[in-house]
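Nothing fancy with the numbering, it's 1 onward along the sequence. Values below: every heavy atom of this structure, side chains too, minus hydrogens, waters and symmetry copies.
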Amino acid sequence: MTGPAFHRPSEDDTGSRPRADAHLAAREILRRAAAAAARAPSIHNTQPWRFVLGPDWLELHIDRTRRLTVLDPRARQLITSCGCALLNMRVAIAAAGREAVVRRFPDPDRGAVVARVWVGDGPGSGELASLEPVIGERRTNRREYADEPVPDTLITRLRRIAREEQVQLTPVTSPEHRRDISELSAIAEFAEQSDPAYMGELARWTTDDPRRPDGVQAASVPYRGPGGFQHDPIPIRPFDQLGMGWLPAASNSGREQCLLLLSGSDDSPLTWLHTGEALERIWLELTAEAFWASPLTAAIEVAATRDELRRRLGRPGYPQLLLRVGRAPETVPTPRRPLADVLVEEVDSDE
Ligand SMILES: Cc1cc2nc3c(=O)[nH]c(=O)nc-3n(C[C@H](O)[C@H](O)[C@H](O)COP(=O)(O)O)c2cc1C
């Protein structure tokens, strides 16, 4: 397998630098890109990915064994999660001063390969590079948010970023649409929570073992307790079924908070991937501005409420993800699997 000719460093384009050094440098940048990708957010912290490092490329593969078969039968949120990982790769390559060259779904015969990435010769985007320091600071904060508006200038920037990532960002501001989201989220949560298979899957991906490297930690979820039901107008997912949640029970996830909706022009895997890239880029931008965020995806997971949401919002496109944004006290980071468990390095015969 080889990448496009213009990525392969040659003696000509590396000047006096020996070819092997340039080659190694690109490989080291890609190794760092994989480490950054492994920090990305993912649905239930499933980390449904595997990275394969070749001589001068890095591939992002789906790990189907980590798919949520009940919650996400079409793998929509799995691929959105992979999009988050891909964005982190692009940020890490930009932070090394180089341009990331990306082919999404590069090989129709290998559906598990979501993207192949090379280190290009051009300079990296300064805007992406500036996000690298906050990759490790970003997290899902499920606390109550302060009553402080997100500035319009920031929202305008995030809308532009979403467009650059091929999706649309819509701040949900009208009281009517906020009511719709609240109503449909409650219906969707009720439907999901009435399904023992959904609750079983959620319990399997929630843990109070701080050594477990995947799943959602009790330290990051509001206390709910056995049989408890959240009465928030826009409910937070009920991770805590055993009374292990460390965060205060009140998250006051309501209609007044800043709600951002990401939508795509269609409902294809490519759009799901772009949604993940947009989500992570927006999330990192918010982190850099000291805002927290937390996805609220129930109304978009249940087919009937998603269709109804689409109809009520009356906008073209397919809702992909809803994000609440605000200021709050910090929460602890959620662990990730070690890089050695997710990265396979192919031996380069040139080295
Ligand atoms: C596509 C996607 C959907 C998500 N949906 C939800 C959700 O509905 N509720 C929630 O509390 N967290 C949601 N999350 C956040 C994940 O649970 C979180 O990213 C993961 O546990 C890792 O924690 P961290 O974001 O703090 O690093 C979602 C994340 C992604 C990428």
Side-chain angles (χ1 to χ4, degrees), residues 76-77 80 140-192 222 229-237 250-267 271-272 274-287 289-328:
R76 181 177 64 83
Q77 297 194 73
T80 301
T140 304
N141 189 321
R142 301 182 183 85
R143 290 180 188 272
E144 174 175 357
Y145 291 166
D147 189 13
E148 182 187 332
V150 180
D152 286 345
T153 46
L154 179 53
I155 300 281
T156 304
R157 190 159 95 231
L158 300 181
R159 294 187 81 160
R160 190 254 306 159
I161 285 171
R163 276 195 303 276
E164 286 176 11
E165 300 296 336
Q166 319 293 327
V167 297
Q168 295 88 45
L169 182 140
T170 313
V172 184
T173 51
S174 87
E176 191 190 341
H177 287 160
R178 286 170 175 268
R179 230 182 2 259
D180 288 336
I181 286 191
S182 162
E183 187 186 326
L184 295 171
S185 297
I187 293 172
E189 274 294 341
F190 184 77
E192 289 187 330
F229 196 83
Q230 249 193 25
H231 297 286
D232 287 336
I234 309 181
I236 306 268
R237 203 188 287 283
S251 44
N252 282 344
S253 168
R255 290 181 208 146
E256 305 315 319
Q257 63 195 336
C258 171
L259 295 172
L260 304 178
L261 180 72
L262 282 173
S263 329
S265 54
D266 62 23
D267 203 23
T271 292
W272 303 339
H274 283 310
T275 301
E277 291 176 79
L279 169 65
E280 177 66 343
R281 191 165 156 196
I282 286 165
W283 211 336
L284 295 177
E285 288 279 349
L286 287 166
T287 307
E289 300 290 337
F291 279 101
W292 298 112
S294 179
L296 297 163
T297 46
I300 301 172
E301 279 157 15
V302 174
T305 51
R306 188 186 193 202
D307 289 348
E308 182 62 15
L309 182 64
R310 212 175 146 219
R311 196 186 65 73
R312 290 200 196 173
L313 295 182
R315 298 177 61 87
Y318 291 75
Q320 298 292 346
L321 197 131
L322 184 68
L323 204 58
R324 68 193 267 263
V325 176
R327 300 228 200 254

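Enclosure of atom CZ in R160 by more than 12 non-hydrogen atoms of other residues, nucleotides or ligands within 6.0 angstrom is indicated. For D147, the CG atom is loosely surrounded, since the number of other residues' heavy atoms within 6.0 Å does not exceed 12.
Between the side chains of E277 and Q166, no donor-acceptor pair of N or O atoms lies under 3.5 Å.
Residues S185 and I181 share a closest heavy-atom pair of OG-O, 2.7 Å. Taking all atoms of both residues into account, the shortest heavy-atom contact from V150 to I155 is CG1-CD1, 3.9 Å. Contact record, Q168 with S265: OE1-N, 4.1 Å, taken as the closest heavy-atom pair. Among all heavy-atom pairs drawn from A328 and R143, the shortest one is CB-CB, 4.3 Å.
Residues P222 and R142 have side chains in contact (heavy-atom distance under 4.5 Å, counting atoms from C-beta outward). Residues V302 and I187 are not in side-chain contact: their nearest non-hydrogen atoms beyond the backbone lie 4.5 Å or more apart. At a threshold of 4.5 Å between non-hydrogen side-chain atoms, the residues P295 and W283 count as touching. Put simply, the side chain of E289 reaches to within 4.5 Å of the side chain of L154, judged on heavy atoms. Residues L169 and L323 are not in side-chain contact: their nearest non-hydrogen atoms beyond the backbone lie 4.5 Å or more apart. Within the 4.5 Å cutoff, the side chain of R159 has heavy atoms near those of the P171 side chain.
Both the sub-6.0 Å distance and the 45° axial angle are not jointly satisfied by R306 relative to the ring of Y318. Taking the ring centre of Y145 as origin, the terminal cationic atom of R327 falls outside the region bounded by 6.0 Å and 45° from the ring axis.
Here the CG-CG distance, from L286 to N141, works out to 12.0 Å after rounding to the nearest 0.5 Å. Atoms CG and NE2, from L259 and H177 in turn, are 12.5 Å apart once rounded to the nearest 0.5 Å. Atom OG1 of T305 sits about 10.0 Å away from atom CZ of R312, to the nearest 0.5 Å. A distance of 8.0 Å separates CG of L313 from OG1 of T170, quoted to the nearest 0.5 Å. Annotation: the span from N252 atom CG to D232 atom CG amounts to 6.0 Å, rounded to 0.5 Å. Interatomic distance, CD of E285 versus OG1 of T287, reported as 9.5 Å (0.5 Å rounding).
Looking only at distances, a side-chain donor or acceptor of S182 sits under 3.5 Å from a matching main-chain atom of P233. Put simply, the side chain of R281 never gets that close to the backbone of A162: no donor and acceptor are under 3.5 Å apart.
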Discussion item. Working note: L261 + I300, criterion side chain to side chain contact (heavy atoms under 4.5 Å, CB included); need CA distance, chi angles, decisive distance, verdict.
Written reply: CA-CA 10 Å; L261 180 72; I300 301 172; 4.0 Å; yes
Worksheet item: Could you walk me through whether E192 and R237 pass the side chain to side chain contact (heavy atoms under 4.5 Å, CB included) check?
Response: CA-CA 10 Å; E192 289 187 330; R237 203 188 287 283; 4.0 Å; yes
Practice prompt. Go through L296 and S253 one step at a time and tell me if the side chain to side chain contact (heavy atoms under 4.5 Å, CB included) criterion holds.
Written response: CA-CA 10 Å; L296 297 163; S253 168; 4.1 Å; yes
Discussion item. Let's go through V167 and Q320 carefully: what are the C-alpha distance in whole Å and the side-chain angles of both, what is the deciding distance for side chain to side chain contact (heavy atoms under 4.5 Å, CB included) to 0.1 Å, and is it a yes or a no?
Written reply: CA-CA 9 Å; V167 297; Q320 298 292 346; over 6 Å; no
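Salt bridge present: R311 and E308 bring a charged side-chain N and a carboxylate O closer than 4.0 Å.
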